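Notes to accompany the following structure.
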Amino acid sequence: MTEEVSEQRQSRLNKLAKLQDLGYNPYPYRFQPDSYAHPLQEKYKNLPNGENTEDRVTVAGRAMAVRNDGMFIDLKDKTGNIQIFCHKSHLDENNLKLLKCLDIGDIIGVSGFIRRTPRGELSVAAEKFDIIAKALEPLPEKFHGLTDVETRYRKRYVDLIINDDAKQILLTRCKIVSAVREFFNQNEFLEVETPTFHPIMGGANAKPFITHYNALDNDFYLRVATELYLKKLVVGGIDRVFEIGKNYRNEGIDKNHVPEFTGLEAYMAYGDYNDMADLIYKLVRFVVNKVFGTDKLVLEGHEIDFSKPFPKVSIIDLIKRETGVDFLSVETVEDARALAKSVGVDADHCSNWGKVVQEVFDEKVEATLIEPIHVSDMPKDISPLAKTHRDNPRLVEHFDTYLLGMELGCAYSELSNPLEQLERFKAQMAERENGDDEAQMLDESFIDALSYGFVPTTGMGMGMDRLAKLLTGAATLRDVILFPTLKKMK
RNA sequence: GGGCCCGUAGCUCAGUCGGUAGAGCAUUUGACUUUUAAUCAAAGGGUCAUGGGUUCGAAUCCCGUCGGGCUCACCA
């Protein structure tokens, strides 16, 4: 807090003191409205101009605008806006004194009768007026609102008060996550919470945050994924399990990436990745239906029909379709790099065949995938936790789901052979020793779990923030995150 | 991390060639009183992000720092 008091704040402090001099508490314990703006607007939409009713209501909300010295107040509650009409013929002396201490931004409670003004505005004609929270800071300007991005993130509460569009997007995100949860609950998945402090980094290729855990005197990784713990639960006999929670990856921030993000993972025993492809399609369709009440959304100018099952196409075929080259025709990393170069992609930094394939896909194919699609059968090199493909030992049964050119999630037929898993981890450790600090670590406790027998299982992961960004049309991931992390103020 | 751009009143923004800091809304005082970004009259409100430098003189030019945005690279 600044020590100097702004003129605007001082004016409000003066009014607060005046209220207290009157023996009035502008921070009461309780105030219960019985009506809300939008339902009232609906209920009385046919009330003619200039007509009064005998209907008494109590409303509460924030004073967003004040005209004619308080005679007209625009009240905003969680449902919408309604005008308050304060006329001295309906208010006693005391209430009129309170009205003089009103500022824009104060939260008020009003009881009165419903009328529509001659100019056509539905109003509550106040017979009792209360200030139930005196605001000491002014709201941003009524016409232009709050546009400064930094302030919108640092003071999200002000953004929510003033920017209805921003609020709508954030609330929709909450509904989306809620719908995801409902879908899994309906399908008899058990929701669990697994540790966020991991002794070993695993479940995804990423740079971790590291922190010290005093009570245990050990360094831990903040989780980059929930995968290994959830699979341990499947080993333990929990056949259908899911978790929605924060993952942390110590990497860059841009409109599609934030270091602290909300991940969904779900595991379904007795199925393979074809079953999961179907489940993901049903999940997304369910969410779109539930939240938007339709199958079709116009996103980034494209009409997307979520009622059609998402096609599943192999990454090799997609690259072939876009570039004409077949990466299965080459075996070595050198030949793969040369093939990449022949289609204009520099993959010299890629240390194995699979990474070259991924690089060419990212450069040439990713942006073209507008409609929902499962990009399947990834190179084994880049996917250490998925089962080897039943038809091709160089590939794994792993697909990534894309929408509007962005990766939304992934799914595997989960690798269940403990001996093969151990070999895959060893390959990851070799990558790590070659300088890839995002390669996964050998998790012996996970190998141990698999060694007790891991039923054939399919699993999926999906970024909830990304899903929300795509479905709401938000410009950046941070618009679907209530409090994005910013640098400390100095 | 690289490149580009931004930071001026509570908010939204002007500020020309380096020459006393501006507007609208908001605030204060008054008028008016069924308004709709109410209107009318007047007033107050500034460490021009911050620290240096150049200069007779810096919001303006130069350098550093802090914070933010866009973008490229990396990751999902």
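Per chain, numbering begins at 1; letters A, B, ... match sequence-line order. Model, not experiment: these values are computed from the prediction.
- By the ring-ring contact (aromatic ring centres under 6.0 Å, His included) test, Tyr36(A) pairs with no residue at all, sequence neighbours left out.
- Contact annotation: Lys255(A) reaches the phosphate of U71(B) (side-chain N/O to OP1 or OP2, under 4.0 Å).
- Contact annotation: Arg116(A) side-chain N/O to U34(B) OP1/OP2 distance is not under 4.0 Å.
- Close placement of the Phe183(A) and Phe286(A) rings is indicated, their centers lying within 6.0 Å of each other.
- Under the 30°/60° scheme for interplanar angles, the aromatic rings of Phe425(A) and Phe446(A) are found to stand perpendicular.
- Mapped onto RNA chain B by nearest heavy atom, Leu486(A) and Ile253(A) fall at different nucleotides, with Leu486(A) at the one closer to the 5' end.
- Nucleotides C62(B) and G22(B) have their C1' atoms positioned 27 Å apart, rounded to a whole Å.
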B/S/- along nucleotides 4-9 of chain B (protein heavy atoms under 4.0 Å) is ------
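- Annotation: G52(B) and C48(B) have their P atoms spaced 13 Å apart (nearest Å).
- For Lys142(A) and A26(B), the shortest distance from a side-chain N or O to OP1 or OP2 is below 4.0 Å.
- One side chain, Tyr44(A) or Asp55(A), offers a donor N or O that lies under 3.5 Å from an acceptor on the other.
- On a pure distance criterion of 3.5 Å, no polar donor-acceptor pair joins the side chain of Asp362(A) and the base of C75(B).
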### Audit row: Leu16(A), Tyr24(A), side chain to side chain contact (heavy atoms under 4.5 Å, CB included) steps and yes/no
CA-CA 9 Å; Leu16(A) 174 62; Tyr24(A) 187 79; over 6 Å; no
Applying the Watson-Crick and G-U criteria (both distances under 3.5 angstrom) with [ ] for crossing and | for other-strand pairs, one obtains for RNA chain B (((((((..((((.....[..)))).(((((.......))))).....(((((..]....))))))))))))....
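- No donor-acceptor contact under 3.5 Å links the side chain of Glu141(A) to the base of A26(B).
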Pair up each side-chain donor or acceptor in residues 65-72 of chain A with any protein partner under 3.5 Å, not counting sequence neighbours, and list the distances.
{"from": "Arg67(A)", "atom 1": "NH1", "to": "Asp74(A)", "atom 2": "OD2", "distance (Å)": "3.1"}
{"from": "Arg67(A)", "atom 1": "NH2", "to": "Asp74(A)", "atom 2": "OD1", "distance (Å)": "2.9"}
{"from": "Arg67(A)", "atom 1": "NH2", "to": "Gln83(A)", "atom 2": "OE1", "distance (Å)": "2.9"}

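- With ring centers used as reference points, His374(A) lies 6.0 Å or more from Tyr281(A).
- Interface residues of residues 349-357 of chain A facing RNA chain B, ordered by number: none; criterion, heavy-atom separation under 4.0 Å.
- Nearest-nucleotide positions on RNA chain B for Asp69(A) and Asp148(A) put Asp148(A) closer to the 5' end.
- Between the side chain of Asn68(A) and the base of C32(B) there is no donor-acceptor pair of N/O atoms closer than 3.5 Å.
- Between Ile73(A) and Leu99(A), some side-chain heavy-atom pair lies under the 4.5 Å cut-off.
- Listed nucleotides C74(B), G10(B), A38(B) differ in distance to Asp254(A); the shortest reach to its side chain belongs to C74(B).
- Within 3.5 Å, a donor on the side chain of His257(A) pairs with an acceptor on the base of C75(B), or the reverse.
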Would you check, one step at a time, whether the test ring-ring contact (aromatic ring centres under 6.0 Å, His included) holds for Tyr402(A) with Phe361(A)? CA-CA 12 Å; Tyr402(A) 280 82; Phe361(A) 172 81; 5.3 Å; yes
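- Of the listed nucleotides (A76(B), G68(B), U28(B)), G68(B) has the atom at the smallest distance from the side chain of Lys487(A).
- In this structure, Glu414(A) contributes its side chain and Thr458(A) its backbone to no donor-acceptor pair below 3.5 Å.
- The aromatic ring centres of Tyr221(A) and His198(A) sit 6.0 Å or more apart.
- Lys15(A) comes within 4.0 angstrom of the backbone, heavy atoms only, and of no base.
- Distances shown here put a side-chain N or O of Ser11(A) below 4.0 Å from the OP1 or OP2 atom of U28(B).
- With sequence neighbours left out, the side-chain hydrogen bond (donor to acceptor under 3.5 Å, both in side chains) criterion links Arg116(A) to no other residue.
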